[in-house]
Amino acid sequence: LHLAENELSGPIPSTFRNLTNLTFLLLHMNNLSGSFSTAISNLTNLINLQLSSNHFTGPLPQHIFGGSLLYFAANKNHFIGPIPTSLKNCSSLVRLNLAENMLTGNISNDFGVYPNLNYPELGQAPKLQKLELSSNHLTGKIPKELGNLTSLTQLSISNNKLSGNIPIEIGSLKQLHRLDLATNDLSGSIPKQLGGLLSLIHLNLSHNKFMESIPSEFSQLQFLQDLDLSGNFLNGKIPAALGKLK
């Protein structure tokens, strides 16, 4: 069912609960509103669910997703509350975009194995390629379990309230093309392991509280086109090796 890019308004009809064989539900770029309808809670065969760029409000439901979901986007809405716990069952998930909402909670709990999770164990989604959680109200430290998502090509958690260091396990994400951690409260030194992300094209660590020097290992990032380290407390010399980047 493709209804995207129109001027549709109002809530998702309750009758959608009858569409139990639905695999694609594309509602993005409309003027839809209301809370996330329980009408789609029966749609456990969904592969692609696109809700972005609407006016949905309220929390994302915690138990709606089956094990078939590959693509889920709910960015650019007004969702509040935690990330759905049921996403931990979506081991096939490839792309997740929840950016530009008002989601809250401690991201340190989102990716690890905990006995009483309030959030999904996304660290167990090895096929995930794109993770967008920017522009929310997430707190806590960047979980080291993100290093398990070795298929990631894009990771953006910018414009939140994250603190602590960048875990060295991020250096395991060898497929990353884009890493954006800007505008948080991250601190400590920039790990040299980021210099091993040889596929990086975009790296933005700006407007945090990073200290010490720029890692000389960044000279290995031969595909890098955009590097932003502004608005930190970096010191020392600018590595001459950066002049080797083309």
Participant: Please report the shortest heavy-atom distance between Asn184 and Asn159, naming the atom on each side.
Facilitator: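 In terms of heavy atoms, the two residues are closest at ND2-N, 3.9 Å.
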
Participant: For Asn136 and Glu100, which heavy atoms make the closest approach, and how far apart are they?
Facilitator: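 That would be ND2-N, 4.1 Å.
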
Participant: Once you round to the nearest 0.5 Å, how far does CG of Leu155 lie from CG of Asp180?
Facilitator: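 With rounding to 0.5 Å, CG (Leu155) is 8.5 Å from CG (Asp180).
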
Participant: Is any side-chain heavy atom of Ile190 closer than 4.5 Å to a side-chain heavy atom of Leu229?
Facilitator: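 Ile190 reaches Leu229 side chain to side chain.
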
Participant: Do Asn165 and Ser187 have side chains that get closer than 4.5 Å, going by heavy atoms?
Facilitator: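 Of all side-chain heavy-atom pairs linking Ser187 with Asn165, at least one is under 4.5 Å.
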
Participant: Give me each pair satisfying side-chain hydrogen bond (donor to acceptor under 3.5 Å, both in side chains) with a member in residues 197-217, each pair once, sequence neighbours excluded.
Facilitator: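 Listed by first then second residue: His202-Asp226, Asn204-Ser206.
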
Participant: Would you say Leu43 and Leu19 make side-chain contact, with heavy atoms under 4.5 Å?
Facilitator: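 Side chain of Leu43 against side chain of Leu19, heavy atoms only: contact under 4.5 Å found.
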
Participant: To the nearest 0.5 Å, how far apart are CD1 in Ile201 and CG in Leu203?
Facilitator: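 Nearest 0.5 Å value for the CD1-CG distance: 12.0 Å.
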
Participant: Can you tell me how far apart CZ (Arg178) and OG1 (Thr153) are? Round to the nearest 0.5 Å.
Facilitator: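 The OG1 atom of Thr153 is 11.0 Å from CZ of Arg178, to the nearest 0.5 Å.
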
Participant: Could you pull out all donor-acceptor pairs under 3.5 Å where a side-chain atom in residues 72-80 meets a protein atom, sequence neighbours excluded?
Facilitator:
| residue | atom | partner | partner atom | Å |
| --- | --- | --- | --- | --- |
| Asn77 | OD1 | Asn54 | N | 3.3 |
| Asn77 | OD1 | His55 | N | 3.3 |
| Asn77 | OD1 | Phe56 | N | 3.1 |
| Asn77 | ND2 | Leu51 | O | 3.0 |
| Asn77 | ND2 | Ala74 | O | 3.1 |
| Asn77 | ND2 | Asn75 | O | 3.2 |

Participant: Mind checking the CE-OG spacing from Met29 to Ser53? Nearest 0.5 Å is all I need.
Facilitator: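 One gets 6.0 Å once the value is rounded to the nearest 0.5 Å.
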
Participant: Do Leu1 and Leu46 sit in one hydrophobic cluster, given that two such residues count as connected whenever their side-chain heavy atoms are within less than 4.5 Å of each other, even indirectly?
Facilitator: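 Yes; tracing contacts between hydrophobic side chains, which count when under 4.5 Å, links both residues.
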
Participant: Indicate, with yes or no, if Ile170 and Leu227 share a hydrophobic cluster defined by side-chain heavy-atom contacts under 4.5 Å among Ile, Leu, Val, Met, Phe, Trp and Tyr.
Facilitator: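 Leu227 and Ile170: one cluster.
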
Participant: Would you mind listing the cluster partners of Met211? Hydrophobic ones only (ILVMFWY), side-chain contacts under 4.5 Å, chaining allowed.
Facilitator: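 For the cluster that includes Met211, the remaining residues are Phe233.
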
Participant: Apply side chain to side chain contact (heavy atoms under 4.5 Å, CB included) to Glu169 and list each qualifying residue two or more places apart in sequence or on a separate chain.
Facilitator: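 Listed in chain order: Lys144, Pro167.
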
Participant: Side-chain heavy atoms under 4.5 angstrom apart, residues restricted to Ile, Leu, Val, Met, Phe, Trp, Tyr: same cluster for Val94 and Phe24?
Facilitator: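 Result: yes, single cluster for both.
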
Participant: Can you give me the closest heavy-atom contact between Pro239 and Pro215, atom names plus distance?
Facilitator: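 In this case the closest contact between Pro239 and Pro215 is CG-O, 4.4 Å.
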
Participant: I want to check something: taking the side chain as every heavy atom from C-beta on, are Leu98 and Leu60 in contact at a cut-off of under 4.5 Å?
Facilitator: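 The answer is yes; the side chains approach within 4.5 Å.
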
Participant: To the nearest 0.5 Å, how far apart are CG in Leu131 and CG in Leu173?
Facilitator: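 Going from CG on Leu131 over to CG on Leu173, the span is 10.5 Å.
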
Participant: Are the side chains of Lys161 and Ser163 in contact, using a 4.5 Å heavy-atom criterion?
Facilitator: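 No. Closest side-chain heavy atoms not under 4.5 Å.
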
Participant: Residues in side chain to side chain contact (heavy atoms under 4.5 Å, CB included) with Thr20, at least two apart?
Facilitator: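 Here the qualifying residues are Asn42.
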
Participant: Output all residues satisfying side chain to side chain contact (heavy atoms under 4.5 Å, CB included) with Leu8, sequence neighbours left out; order by chain, then residue number.
Facilitator: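 Per chain and number, Leu8 pairs via side chain to side chain contact (heavy atoms under 4.5 Å, CB included) with Leu3, Asn6, Asn30, Leu32.
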
Participant: Using side-chain heavy atoms (C-beta onward) and a distance below 4.5 Å, is Leu205 in contact with Leu194?
Facilitator: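 Side-chain contact under 4.5 Å: yes.
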
Participant: Minimum heavy-atom separation for Leu128 to Arg95, with atom names?
Facilitator: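 Closest heavy-atom pair between Leu128 and Arg95: CD1-N, 3.9 Å.
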
Participant: For residues Leu69 and Ile47, report the shortest heavy-atom separation together with the two atoms involved.
Facilitator: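 Where Leu69 meets Ile47 most closely, the heavy atoms are CD1-O, 3.6 Å.
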
Participant: Quick one: are Leu22 and Phe16 in side-chain contact, heavy atoms under 4.5 Å?
Facilitator: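 Side-chain contact under 4.5 Å: no.
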
Participant: Any chain of hydrophobic side-chain contacts (each under 4.5 Å) joining Leu200 to Leu242?
Facilitator: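 Linked, Leu200 and Leu242 end up in one cluster.
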
Participant: Indicate yes or no: at least one non-hydrogen side-chain atom of Phe218 is less than 4.5 angstrom from one of Leu224.
Facilitator: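 They are not in contact (no side-chain heavy atoms under 4.5 Å apart), so the answer is no.
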
Participant: Can you list the steps and then say if Leu181 with Ile142 is a side chain to side chain contact (heavy atoms under 4.5 Å, CB included)?
Facilitator: CA-CA 10 Å; Leu181 304 177; Ile142 298 176; 3.9 Å; yes

Participant: With rounding to the nearest 0.5 Å, note down the distance linking CG in Leu70 to CD in Gln129.
Facilitator: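 Reported to 0.5 Å precision, the distance equals 10.0 Å.
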
